[in-house]
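One structure is given here, and the rest of the page talks about it.
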2 protein chains.
Amino acid sequence: MPDTSTQILDTAERLITQGGFHAFSFQDIAERIGIKKASIYYHHPAKAALGREVIARYRARFREVLAAIDGAEPIDYGDALSLYLAPIIQLSQSDDGVCLCGVLGGEYIALPEEMQAEVGAFFEEHQTWLAGLLERGRAAGAFGFTGSAAKMAKLMFSAVEGALIIKRATGDDRQLDDVISVLQDLLRP
Amino acid sequence: MPDTSTQILDTAERLITQGGFHAFSFQDIAERIGIKKASIYYHHPAKAALGREVIARYRARFREVLAAIDGAEPIDYGDALSLYLAPIIQLSQSDDGVCLCGVLGGEYIALPEEMQAEVGAFFEEHQTWLAGLLERGRAAGAFGFTGSAAKMAKLMFSAVEGALIIKRATGDDRQLDDVISVLQDLLRP
DNA sequence: GTCTATACAAAGATAGAC
DNA sequence: GTCTATCTTTGTATAGAC
């Protein structure tokens, strides 16, 4: 059983991915983990701070994935891309699975500043990393697209973020898989 | 000056695209159009009903665009696609411009049922329509992609929805344009 | 159609006991 | 660390006067 602070972060993350930052309360968290809402303030000083921590942890988790892939080079670049996509596909297969930052991006203007910065940074680090992977993969002959790698990275990342949201609202379990399969076809040399 | 009911819908739409359904209140609407919050209930019976109306109107606006394009056939299919994308690009150029349903899709689980249905229907009607356009365009020799038109439609629509969200959070004005330009390159015969 | 007044619940947050 | 108690503000919504 994780410690209370972690349980709070886990629950907040889940609630945000379900309905966004403004749709849940400390009361919701408290009920789910069996404590009183006042106790949450011992671990996290305010809702905005908690929100920020949730994103920071989410970002860090993905940074580990990216670092692991980078650390495995030289690697087949098609495999590297699959390794990147694996946790996202896994996300989409869990209940209500969408990207935390995709949800928060929708609420962007109403988000506390500290959270806005984290969300923007998440998007940027993923797109930048993807652009690098595509560039190196093309140089190695593993990918065969034409044009800018940065633009292709924007397409891939935008499509994945959008697909997760659309999948849940339409109930189409193949939304993300279809999008990814088209993208992988496009990249083939 | 539009009537009060329309002003309420306009303001609600704006507020939802900025921060989502749960981040605004009737008080926010009232302040912006210079009435008291109780007056809103004369025009719209509840927040969920107002939310539903906002989406229904948004959907109808797009249905007009789609019908206009359909009505113009036979047409150059590249032009048809540009006509479809034009209002989306326009959206992205306005302040805080994202797709209303992209935002609401993020909040999906916490949305009133009546709103969930509208959001899902919006996504489905766009993807279905796009698939038809791509299919006919390819048959006419205007598009040169391989594979399923339905899958390509999912990629295009997912990418556009995602790009709008990402654009706002990163401040990258070229996010949507870059994504669209790559997509249009992909479709070239 | 719009207002004032109000009911009622829930929110974020703090103080202080245990 | 967690609790009870409480403060204050805000939210959705209704009743009834103008």
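So you know, we letter chains A, B, ... as the sequences are listed, proteins then strands, and number each from 1.
Over its full length, the helix from dG1(C)-dC18(D) to dC18(C)-dG1(D) turns its helical axis through 10°, comparing axes from the five pairs at each end and rounding to 10°.
No side-chain donor-acceptor contact under 3.5 Å links Glu107(A) and Gln18(B).
Across the protein-nucleic acid pair, Ile40(B) atom CD1 and dT10(D) atom C1' stand 15 Å apart, rounded to whole Å. Phe26(B) has its CZ atom 10 Å from the P atom of dT14(D), to the nearest Å. With rounding to whole Å, Phe24(B) atom CZ is found 15 Å from dT10(D) atom C1'.
Take the nearest nucleotide of DNA chain C for Pro45(A) and for Asp28(A): the residue whose nucleotide is more 5' is Asp28(A).
Glu161(A) places no side-chain N or O within donor-acceptor distance of the main-chain N or O of Cys99(A), the cut-off being under 3.5 Å.
Proximity of Met152(A) to Leu187(A): side-chain heavy atoms (C-beta onward) are separated by under 4.5 Å at one or more points.
Aromatic ring pairs are classed by plane angle as parallel below 30°, tilted from 30° to 60° and perpendicular above 60°; the pair Phe122(B) and Phe62(B) is perpendicular.
Residue-level contact check: Tyr42(B) touches the bases, meaning some heavy atom is under 4.0 Å from a base atom. Using a 4.0 Å heavy-atom criterion, one finds that Tyr41(B) contacts the bases of the nucleic acid, with or without backbone contacts as well. Using a 4.0 Å heavy-atom distance criterion, Ser39(A) is classed as a base contact.
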Tell me which donor-acceptor pairs under 3.5 Å the side chains of residues 137-147 of chain A have, and how far apart each pair is, sequence neighbours excluded?
from      : atom 1 : to        : atom 2 : distance (Å)
Arg138(A) : NH1    : Phe145(A) : O      : 3.2
Arg138(A) : NH1    : Gly147(A) : O      : 2.7
Arg138(A) : NH2    : Gly147(A) : O      : 3.1

| Going through the distances and angles, do Ser181(B) and Asp178(B) end up as a side-chain hydrogen bond (donor to acceptor under 3.5 Å, both in side chains)? | CA-CA 5 Å; Ser181(B) 83; Asp178(B) 284 349; 4.9 Å; no

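Between the CG atom of Leu81(A) and the CD1 atom of Ile180(A) there is a distance of 8.5 Å, given to the nearest 0.5 Å.
The outermost nucleotides of DNA chain C lying under 4.0 Å from heavy atoms of chain A, listed 5' to 3', are dA11(C) to dT14(C).
In this structure, Lys47(A) satisfies the cation-pi test against Phe21(A), with its NZ or CZ atom closer than 6.0 Å to the six-membered ring centre and inside 45 degrees of the ring normal.
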